[in-house]
Structures are given as C-alpha cells and as structure tokens.
Amino acid sequence: MNEVSYLKYEGKHNGLAGWLLSTDHKRIGVMYLAAMIVFFLTAVVFGLLMKFEMLTPGRTIMGPQTYNTLFTLHGVMMIFLFIIPGLPAIFGNFFLPIMLGAKDVAFPRINLLSWYFYIIGALMILASLLFGGGPIDTGWTFYVPYSLRTGTNVTFAVFAAFVLGFSSILTGLNFITTIHRMRAPGMNWFRMPLFAWGLYATAWIQLLATPILGITLLLIMLERIFGIGIFDPALGGDPLLYQHMFWIYSHPAVYIMILPAMGLVSEIIPTFSKKNIFGYGPIAMSSLAIAFVGYLVWGHHMFSTGISDTSRAIFSLLTFLVAIPSGVKVFNWVATLYKGSIDLRPPLLFVLIFIILFSIGGLTGLVLGSLNTDIHLTDTYFVVAHFHYVMFGGMGTLFFAALHYWFPKMFGKMYNEKIAAIGAWTFAIGFNVLYFPMFILGYLGMPRRYYDYLPEFRNLHVISTIGSWIMVTGIFIIVINLLKGFLKKEMITDINPWGGTTLEWTVPTPPPVENFDKIPVITRGPYERDEHK
Amino acid sequence: MEKTHSINYGTYVLVWLGLVALTTLTVAIAGLNLYSLTIIVAMAIATTKSLLVANYFMHVKSDSRVFKVFIVVCIVIFLTMIILTFFDLIFRYPAK
C-alpha cells in the first residue's frame, strides 16, 4: 500500500469522496490549498476594485456603501480565510508529520473536522452577502458601537468567524499533540526543523487566543439580539472593552500568520545557501519569544482611543520588545546566507523579497508603536501600508515561496523556473508601487477606509492604483505558471530537487500514503549536510 | 502508557461538597459590601474552585508534569492579559 502516492491512492472511498472523506494529512492540506486559492483570488479582485475606485476623487466605479462593503469583505476573507489559516493549514498539515518522521497527525479525524469547520465558516461568510440586511460594512474588526447598530448582516458574519475559530483551535491542538508525541526516535526538540518550531509556537497561540475571539464575537451577537449592554455605552457598556478583547486575539493572530512563515524562511535559506542554519537555538527560541511577547502588545492598536496613559506607555514599551526576537531571526537568516553557496532559485527569490518587504513593514511598525507618532498616523493610509507590508509582504510573499519550494514534492511536477522568477519580480515591483505611496499618503493625512479624497492626494493614489495592476499581473503570472506546471503530464522522479536536508526530501515524490515505510531514526540536526546526500 | 487514577469516590464527593460550599459562600458574600475587596474575594473563591476541579475532576493532580506546565503557562498568560487590561481600566479615570 505504501508504494502508492497519496494522490493516486484508492481506499474505501474513491473519486471526490476519496478526498472529502480522507483523513490523510496530505490530502487535507491540498484541500485547504484549493479552497484558499479561490478565497485569496476573490479577495484580490475585491482589492483591485477598491484601488480602481481610488483612481479619481469622488465616485469612479462605486459609491461609499459598496466601497465599505468591499473593504470589509476584502479584509475578512484575506484575514480569516487566507492569511491566518494559510501556512499552518496547507503546508503545516502536509509537511509537519513528514518533517517529524510520523505517518500522520495525532488526530486525523479531528484534522478533517477542522477542514469542514473552515469550509462551513467560509460558506457562511459568503452566504452573509446574500440575505439578511446585506453585506457587512463594519471593516474586518467589527468595532462596536457601529457593529451593534448597523442594519447589515453582522450577526451572521460574526457567527461565521466564530465557526472558523473552531477550525483554528482544533488545528492548533492537533499540531501541539503531534509535535509532543509523534517525533521520530532520536528527534529531540533541537533536532526538529525550524518550520515545526514556528508551527509549535503558532499552535499555542491558536489554542489560547482564539477562544477569546470566540467569546467576543458571541458577545457581539448577544448584544445585537438581546441588547445586554456589555459593549454599548448607551446601555452602560464599554466599547473599549470590545477593542481590548478583539485585539487580545487579533494581535497574536498576526503572529499566527507570520511565525510559520518565518519557520519556512529558516527552511529555504539553508537549502539554497547549502549551509547549516546559523543560530538554530536562537531562531527556535525567538519563535517562542515572539509568540509570548506577542500576547502582550495588543494595546498598541488602541493608543488613540482614550485608554489610560499608563497602559499606553506599557504597551508601547512591550511593542518595542517584540522587535528584538524578530531582529534575531533576520540577523540569523542573513548570517546563514553569508559566505553560503547561494543558488537563487524561485523559492529563495521570494524569501529575499520577503526579507526586504517585511523589514520595511517591521521598521514602520516601530513608528506606529511610538506613542507620539502614532497619534499623527493612526487610521491613516500609513497603517494600511504598514499592515500590507507586514502581512502581505510577509505571509503573502512566503505563501508563494512555500508553494514554489514544496510544489515538486506535493505534486511530483515542476513549474517553469524562469517564468516563476519573472512573476516574482513583477509582484515585488507592483507591491512597492502599490503600497509605498500609501506611507506618504498616510503621513500627509489621508484617512483609511474612505472612498473619496481631496485633489492633492490624487497623484499618489494614481501611482498606487497603477501599482495594483502591476502586482496583480505578477500574481497572475505566478498562478498561471504553477497551474501549467500542475497540469503537465510528465512527472519528476527526483525526490530532492533542491538539495534539502529535512525529512520530506527523503520520501518519494509525491509522498506515499503513510509517508515512511519505516519510521526513520534521527541522528543529526535538521540542516547538517555532512552525512546527507 | 496511561496511568490509572487512584482517587476514590469518597474524595470526589468531598470535593463536590466543597464546591457547593464555596458556591454558597460566593452567593452569601455577594450580599455584603466589601468595597474594593469584592473582586479579590470573588476571584479567590473562583480560583480555589478551579483548582479543585482541575486537580480532582480533571485528574491534573495525578497527570504527568508536562500537563501541569501547560496549565501554569496558560494561567500566567491569562493573568497577564487581565492585569494589562486593568492597567487601562484602573488608570483611565484617575481619582481627583
């Protein structure tokens, strides 16, 4: 049985049912990939339409209500359906057990249940567009008191996010248990690949922070239905309590997005510089440090809301502390590249683009973490630019890196590397033309979430809109190239096309159903090259 | 290997009675005006009850160390969140 690849295996169920009822972690990972690509591309189209609206002052292609709806849907779909679950659900599911030398995750059925929660939640978000009071217009943050008063379909959409939370919690639980219980003999904690460390830190955030969002969203629903007065100031509630509770989850969620992505960087850089990773221990520990300190910085989203001066000072200080473990990672990645035998293939190209974009995003985050400059920049395009540099430049770019890195292993096929590189460069250029003008717009005072603007902002908005066209062209090239690779008839036979050293490069391409004929015994660190060919 | 739990039924009944007594105490204290101590007393009783439930009914007392570490980490993070939130609430409207 274990000679058959997971793509061709026919068990109790075949065809579509063989996928929809499969508990194989690899099939579940691919099902997440298929769903997420659809949601991601849909949200890209929403973003593109928004940028088109901003081409000229006043109405270009839509009115304010449609614009409000589009930026809400763009945010909700990107955040809850793509960026947060993206890397753990797709690549974590597919590769974590293989990297640990296991045959599957600890709870395969719960893993499939997570996927169903994800799909049901996603379908509910889409359904919320069609009935009730119409598409939500609150922004992805569902801030009160507006979300309590708007007639749009907030209750249903919030419930959808609540359901999605279960998917996240169950995946986190599964990964923690898998990492603790199912590592191959000899794989102690410090022989574990750094992608697994990233997933481990992430899983704890998923497990501990997501329930807080669940409760918060339930309270929104109860407040809307029964008017219980927890958040509504008119009923004696505290709207800032909502923001505290929302960001207690949603700031750590930023790290759910980025920690596995950083783990991926730590996989790709040693592979393509043909070197052992520099500073394995500090990189692993910095993942835990980011996860821990990341819990404690949510207040920086609330500096201008009227929270106490004491807490503003504390949250500002804690925010600056997060920069330290992030800096440790970047230093170690660059140090790994130093004097390495660098092979600039598409996955590494995406990683280098990530390092530059994420560094810009991170450094502008310090501007926002500083109390006085934040007052000037809050709720301006500066925040939009910073956020997209960190999230899209971070997780988004690395999503492409992961696809290009693991694509041959996942599907046993290869894409055109030259076209992949052209796509990457087009994406990177478009990204900067799109988002960099937003820093200047924000500094000049352009507020976020407005469909209209003063004429003096026009040139920068035009440049930004043109950037969106370039960037989407890049995404189009990347996606079509991968799709063409996927549809190719000829399979590759090389089990290790990049010369990687972790366990996924020791199993056949594509991996067989149970991954390993015999569970491997680990005798070396994950990136040591001496004994490995 | 899973361990068998050695707690007998008598202990479970005693713990349950303790929980009922603490609940009664919570209700009784709610009628008193303890000013700034109200929240501290309520939290102390709730913490005691949680410890009883976790140790006896959830068998944490007889579980391996790793689970105890998990629980302590979760509690520390949760407490930190509460304390940080209170840094806002307490100092938002300073006494004149």
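In what follows, every chain begins at residue 1, and chains take the letters A, B, ... in the order their sequences are listed. Excluded from the calculations below are hydrogen atoms, water molecules and symmetry mates; all remaining heavy atoms, backbone and side chain alike, are included.
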Is it true that, when you exclude [X] itself, more than 12 heavy atoms of the residues, nucleotides or ligands shown sit nearer than 6.0 Å to its [atom1]?
| X | atom1 | answer |
| --- | --- | --- |
| A:Phe246 | CZ | yes |
| B:Trp16 | CH2 | no |
| B:Phe86 | CZ | no |
| B:Tyr56 | OH | no |
| B:Phe78 | CZ | no |
| B:Lys68 | NZ | yes |

Evaluate the side-chain proximity of [Y] to [X]: yes if any heavy-atom separation is below 4.5 Å, no if none is.
| X | Y | value |
| --- | --- | --- |
| A:Ile212 | B:Met81 | yes |
| A:Asp238 | B:Arg92 | yes |
| B:Ile90 | A:Ser308 | no |
| B:Ile77 | A:Phe292 | yes |

Testing A:Leu296, A:Val297, A:Ile248 for side-chain contact (heavy atoms from CB on, under 4.5 Å) with B:Leu84, which one passes?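 Considering A:Leu296, A:Val297, A:Ile248, a side-chain contact (heavy atoms from CB on, under 4.5 Å) with B:Leu84 is found only for A:Leu296.
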
Have a look at B:Asp88 and tell me which of A:Ile307, A:Thr305, A:Asp309 forms a side-chain contact (heavy atoms from CB on, under 4.5 Å) with it.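 Only one of A:Ile307, A:Thr305, A:Asp309 forms a side-chain contact (heavy atoms from CB on, under 4.5 Å) with B:Asp88, namely A:Ile307.
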
In terms of heavy-atom proximity below 4.5 Å to chain A, should B:Val66 be classed as side chain, backbone, both, or neither?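 Contact with chain A involves the side chain of B:Val66 alone.
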
Tell me, out of A:Leu241, A:Ile176, A:Leu318, A:Leu208, who's got the most heavy-atom pairs with chain B below 4.5 Å.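 Among the listed options, the one with the most contacts to chain B is A:Leu208.
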
Can you see which heavy atom on A:Trp204 is nearest to which on B:Cys74, and at what distance?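 Shortest heavy-atom contact: CZ3-SG, 4.2 Å.
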
Toward chain B, the part of A:Leu207 with a non-hydrogen atom under 4.5 Å: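 Neither; nothing under 4.5 Å.
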
To the nearest 0.5 Å, what is the distance between CH2 (A:Trp298) and OG1 (B:Thr85)?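 So the CH2 of A:Trp298 and the OG1 of B:Thr85 are separated by 4.0 Å.
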
Interatomic spacing from NE2 in A:His180 to CZ in B:Phe67 - rounded to 0.5 Å: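 With rounding to 0.5 Å, NE2 (A:His180) is 9.0 Å from CZ (B:Phe67).
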
